[in-house]
Amino acid sequence: MNTVTQVPLSALKKETSFPLDQWYVAGFSWELKEQPIARTLLNQPVVLFRTGDGVAAALEDRCCHRSVPLSCGTVEKNGVRCGYHGLLYNTHGACIEIPGQEKIPSKAKVRSYTISEKNHILWIWMPKEAGGAPTHEAPDYPHHDDPKYKFGGGVYHYDAPYQLIHDNLLDLSHLGYVHLKTIGGNARQHMTAEMQVSSDEKTVRVVRLMPGTPPPPSYKMAWPFQETCDRWQEIEFNLNHLSIWTGAIEPGTGALDDPQRGGFHLRGLHGITPETETTTHYFWSMASNRHPDMPETIATVLQQIEFTFDEDRVIIEKQYANMKRFGERATWMDIHVDVGANRARRIIAKLIGEQNQPAA
Amino acid sequence: MNTVTQVPLSALKKETSFPLDQWYVAGFSWELKEQPIARTLLNQPVVLFRTGDGVAAALEDRCCHRSVPLSCGTVEKNGVRCGYHGLLYNTHGACIEIPGQEKIPSKAKVRSYTISEKNHILWIWMPKEAGGAPTHEAPDYPHHDDPKYKFGGGVYHYDAPYQLIHDNLLDLSHLGYVHLKTIGGNARQHMTAEMQVSSDEKTVRVVRLMPGTPPPPSYKMAWPFQETCDRWQEIEFNLNHLSIWTGAIEPGTGALDDPQRGGFHLRGLHGITPETETTTHYFWSMASNRHPDMPETIATVLQQIEFTFDEDRVIIEKQYANMKRFGERATWMDIHVDVGANRARRIIAKLIGEQNQPAA
Amino acid sequence: MNTVTQVPLSALKKETSFPLDQWYVAGFSWELKEQPIARTLLNQPVVLFRTGDGVAAALEDRCCHRSVPLSCGTVEKNGVRCGYHGLLYNTHGACIEIPGQEKIPSKAKVRSYTISEKNHILWIWMPKEAGGAPTHEAPDYPHHDDPKYKFGGGVYHYDAPYQLIHDNLLDLSHLGYVHLKTIGGNARQHMTAEMQVSSDEKTVRVVRLMPGTPPPPSYKMAWPFQETCDRWQEIEFNLNHLSIWTGAIEPGTGALDDPQRGGFHLRGLHGITPETETTTHYFWSMASNRHPDMPETIATVLQQIEFTFDEDRVIIEKQYANMKRFGERATWMDIHVDVGANRARRIIAKLIGEQNQPAA
């Protein structure tokens with residue numbers, strides 16, 4: 001538990017620092033309006049757009065003529081047109097018009113990416129080999145479409161590597177120190193609550209139950225808790241996103257580990273998509289139920305969540321900046337709360353290791 | 001026409017990435033007032049100043065004592081004085097006073113550059129060998145002194161290599177996509193108009209005639225055109241500047257390719273001077289005639305031109321930023337409009353190649 | 001005197017570019033309030049804090065758990081607590097609490113630094129070997145506690161290497177060019193006044209006496225000088241700080257080199273502490289006496305000093321930026337005023353040379 005780990009700063013240099021042949025969150029459906037969006041994903045500059053026909057698409061973000069970003073162009077019925085000399089591309093990356101020139105060379109094309117739009121989420125397939133097709137379906141995230149919940153979300157940009165955000169989310173014991181003003185609660189209680197960790201080859205699950213704990217400020221704004229409540233935190237790590245189900249019931253109104261439990265629910269989606277080795281897109285949403293007596297709380301809940309996530313961003317960016325200041329002098333010492341995060345790191349390290357192995 | 005060219009990103013690294021033994025635009029006469037000006041030209045930090053005696057001069061921008069920029073100093077009757085310990089330099093770079101010290105060492109000097117001030121333009125000779133003298137006269141640009149025209153101008157700084165600006169100016173077919181609000185006109189007509197390209201060892205000439213085209217917004221503000229006009233674009237590329245003569249006559253009022261033609265004239269000077277391999281100074285002026293019924297249009301014309309040039313800057317800087325994002329993955333595919341620009345690139349490549357060759 | 005020196009840009013790269021086993025100014029006592037302070041000193045990221053018990057302390061600025069800066073944490077009675085997971089450190093760098101975990105591993109610690117708090121100054125010992133103890137006492141600076149004087153001070157950050165600031169302070173002949181509006185006076189008189197320079201292995205002393213000189217604006221605001229005054233400048237360079245005693249008496253009212261002289265006194269402390277090889281912390285204070293008829297001048301004096309030091313910062317940062325622009329082309333030519341500064345550079349070069357020598 002108290003091993004000293006060399007921080008893998010050197011490992012951040014390689015192109016293959018991310019698990020590939022995976023779906024990643026590229027954005028939310030509501031982001032795609034009239035203008036194309038430029039977004040670098042896993043080091044690859046991508047333009048996201050929705051055609052006039054309503055199809056969400058993703059291409060390499062450059063015109064094959066003179067490298068102007070297609071994201072500076074305009075969306076048309078069936079593609080995107082470059083804003084410099086008017087070359088038009090369809091959703092597969094093929095140039096289908098060069099104004100003033102009859103012949104379109106076969107080389108006139110750019111890479112395309114597979115987009116799967118489900119549950120208001122734009123999933124993008126990031127293949128090992130350029131142009132590789134998905135080998136499985138994009139994840140389901142039904143809570144966005146569950147009538148019991150209302151949800152909202154947003155996008156953060158982090159100046160920090162993606163795995164530092166995994167670490168943060170897989171151990172919510174920091175709530176008592178970082179998020180005192182919103183979802184924090186009693187620091188000691190968080191640190192001493194028993195943590196159950198389970199995992200397989202692709203997922204890690206961390207559960208912490210905290211009966212008889214004082215409800216934190218955000219909970220009290222959204223639900224009529226009295227002096228104490230019984231809280232749960234259920235974190236599920238997947239390679240491309242984390243699902244975090246937190247909440248609380250009034251003391252003694254049910255089993256705290258029963259998935260059918262009532263009370264106040266916060267269902268968080270955390271799409272952690274590397275931009276580069278050292279920067280990350282953080283796509284989040286929060287779905288919440290409402291107490292019959294307090295039906296209009298979702299806006300307040302989202303404000304609180306946004307404030308909370310900003311606190312995390314500040315500390316993680318400072319953490320990473322400090323890792324860079326100290327360089328190789330910054331070793332890490334594990335403590336009891338790191339079990340889940342370390343398992344997630346091992347899953348990713350194994351996948352990347354296999355990826356980098358020369359084919360037999 | 002549809003060749004795929006590797007973008008010469010690697011070529012941007014070398015000191016000798018610019019044709020030397022050439023005049024370049026260093027500034028406009030009206031810029032030299034009481035304060036010296038700091039400007040890096042072809043990687044060389046230069047201070048420009050006009051002495052109290054009225055002489056325009058250029059020196060290496062550092063005091064030989066402790067490297068403080070001379071551009072932080074003050075101009076005197078016959079030189080520039082360092083603002084730290086008061087060393088005074090004449091226009092040839094010789095230190096002519098060290099306050100408090102009688103002897104002036106022979107080493108007390110900095111490099112000087114030859115300035116030729118003509119037609120309100122400050123031309124600077126950038127020699128192959130330090131201190132090399134001009135081998136020919138600086139260019140004439142008579143339109144600044146032609147009573148038929150009024151002119152104004154300005155200076156832009158580009159975060160992009162100079163040749164991307166040449167590319168832009170040697171192919172005005174982008175007007176229909178980039179400059180719709182000002183000088184654009186009909187995109188298709190621009191793209192399909194016949195382009196005549198001619199060149200020799202030092203210049204490229206691109207002419208495009210567009211009879212019967214709708215006058216763009218800027219033209220209508222400056223000249224009482226009706227529904228259509230006959231437009232011309234005559235671009236002349238020189239190593240150190242481009243002259244672009246655009247304009248229009250009312251339909252059927254003369255031969256469109258007659259240099260004596262009447263109508264509305266825009267005579268643009270584009271002094272494209274590399275700051276470094278990846279940044280550029282863009283000195284421009286626009287001289288225009290006025291219709292007898294609309295004599296006060298020059299201010300409006302200049303506003304429109306400034307707006308237009310800003311649109312170009314935005315797209316070229318985005319183009320270059322994208323080239324850096326993609327690195328070696330950003331290949332270029334030529335289309336029909338690139339003929340003139342490619343010839344200019346070949347002229348420059350040949351000169352730089354000869355320059356880099358070891359002397360026999 | 002007119003030697004040409006290669007600017008030691010290359011020397012700026014090495015870890016051991018600073019004299020070690022020395023006290024440096026880390027801050028002023030009044031800076032340590034409720035919040036810890038992050039400050040990089042000689043390339044070492046340090047957190048400064050004052051415990052609830054009133055002890056000033058300095059630790060390596062990282063938690064040994066996950067590298068979050070301790071300067072983002074909170075100060076407690078006997079230490080500083082990390083703001084991420086609550087690890088608590090005492091003033092010696094030992095972790096004394098890991099919330100939720102009973103065993104504290106022996107590895108749970110970070111480096112500590114010795115702080116000596118004297119005369120409102122926080123001196124930090126920067127050892128050659130990690131954890132090395134001071135071999136001598138921190139300097140005395142009694143003028144902060146002299147009832148004859150009032151003082152104030154501040155902290156500047158310089159984008160320039162520390163020795164450029166030494167150069168500036170060891171030769172006040174620049175006052176006539178850089179500080180005309182405040183403490184400048186007549187430029188020629190400054191440059192031609194005789195300069196007495198003396199030195200030993202650790203200190204350099206530069207004295208300049210200027211009888212019968214016009215009092216500069218700042219002096220007249222603080223003391224009822226008439227048309228002329230007799231000025232002195234006494235600069236004492238030490239490795240970790242400079243003491244500069246400037247002032248003036250009314251003409252003929254005493255010996256200008258008598259340490260008991262009356263008149264107007266400005267006693268400046270200049271704690272020049274490298275942040276990195278290319279950036280510097282500049283801790284300054286100014287203690288001044290007051291004329292019986294003008295007792296409330298200290299605020300005005302400090303305003304003027306602050307303005308003056310800002311002028312220095314601007315020119316030194318421009319000097320350094322210019323050294324970087326010119327790189328190895330920026331040679332230095334000494335003039336008569338450089339004697340003191342060059343001796344200080346030799347003292348430092350000798351110490352660093354000895355430091356870098358392999359042990360026998």
Side-chain angles (χ1 to χ4, degrees), chain A residues 1-9 160-161 163-164 167-168 170-180 184 186-195 208 210 311-312 314-339 341-342 345, chain C residues 15 35-47 59-76 80-89 93-113 129-131 275-277 279:
Chain A
M1 199 72 96
N2 55 349
T3 56
V4 175
T5 327
Q6 195 70 31
V7 177
L9 273 179
Q163 292 188 288
L164 292 184
D167 291 347
N168 175 273
L170 274 158
D171 159 35
L172 298 186
S173 71
H174 70 271
L175 265 56
Y177 296 101
V178 181
H179 306 305
L180 278 175
N186 182 297
R188 304 271 137 192
Q189 226 160 351
H190 276 273
M191 289 308 264
T192 53
E194 199 199 340
M195 190 169 72
R208 208 183 245 127
M210 292 174 291
E311 288 176 326
D312 278 323
V314 167
I315 207 147
I316 291 172
E317 291 190 340
K318 279 177 186 284
Q319 176 189 23
Y320 180 57
N322 216 33
M323 287 167 65
K324 286 190 288 184
R325 275 165 99 198
F326 277 95
E328 306 217 334
R329 290 174 288 170
T331 52
W332 280 13
M333 186 199 70
D334 289 348
I335 65 170
H336 64 114
V337 300
D338 302 317
V339 179
N342 286 348
R345 281 186 174 268
Chain C
E15 183 81 13
Q35 290 303 312
I37 292 176
R39 206 160 260 168
T40 294
L41 305 167
L42 290 73
N43 281 333
Q44 303 187 35
V46 168
V47 55
L59 302 179
E60 218 178 339
D61 190 13
R62 63 175 184 95
C63 178
C64 68
H65 172 223
R66 284 294 178 263
S67 300
V68 168
L70 293 176
S71 53
C72 301
T74 47
V75 168
E76 303 206 349
V80 63
R81 189 181 291 279
C82 180
Y84 202 3
H85 299 92
L87 279 72
L88 177 67
Y89 295 86
C95 177
I96 53 176
E97 187 191 348
I98 299 177
Q101 180 171 320
E102 256 178 61
K103 190 177 174 321
I104 297 174
S106 58
K107 289 160 185 163
K109 62 183 177 198
V110 294
R111 280 178 75 172
S112 68
Y113 296 84
E129 308 290 336
E275 180 183 52
T276 66
E277 285 83 0
T279 57

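What you see below is based on every heavy atom in this structure, not just the backbone, and it leaves out hydrogens, waters and symmetry mates. Below, chains carry the letters A, B, ... as their sequence lines are ordered, and counting in each starts from 1.
When each of Val314(A), Asn168(A), Asp167(A) is checked for heavy-atom pairs under 4.5 Å with chain C, Asn168(A) comes out on top. When Ala38(C), Gly73(C), Pro99(C) are compared by the number of non-hydrogen pairs under 4.5 Å with chain A, Pro99(C) comes out ahead. Most heavy-atom pairs under 4.5 Å with chain C: of the set Thr192(A), Ile316(A), Asp171(A), this distinction falls to Asp171(A).
By the 4.5 Å heavy-atom criterion applied to side chains, Arg66(C) and Val337(A) are not counted as neighbours.
Scanning both residues, Gln44(C) and Arg329(A), for their nearest heavy atoms gives CG-NH1, 4.5 Å. Pairing each heavy atom of Arg81(C) with each of Tyr177(A), the nearest pair is CD-CE2, 4.1 Å. Closest non-hydrogen pair, Val68(C) versus Asn322(A), comes out as C-ND2, 3.8 Å. Phe326(A) and Asp61(C) make their closest contact through CE1-O, 3.5 Å (heavy atoms, listed as atom of the first residue, atom of the second, distance). Smallest separation of non-hydrogen atoms from Val46(C) and Arg325(A): N-NH2, 4.4 Å. The two residues Met333(A) and His65(C) have their closest heavy-atom pair at O-CD2, 3.1 Å.
To the nearest 0.5 Å, the span separating CD1 on Ile335(A) from SG on Cys95(C) amounts to 8.5 Å. To the nearest 0.5 Å, the span separating OG on Ser71(C) from NZ on Lys318(A) amounts to 6.5 Å.
Of the two parts of Asp312(A), neither the backbone nor the side chain holds a non-hydrogen atom closer than 4.5 Å to a non-hydrogen atom of chain C. For Cys64(C), the parts sitting under 4.5 Å from any heavy atom of chain A are the backbone and the side chain alike.
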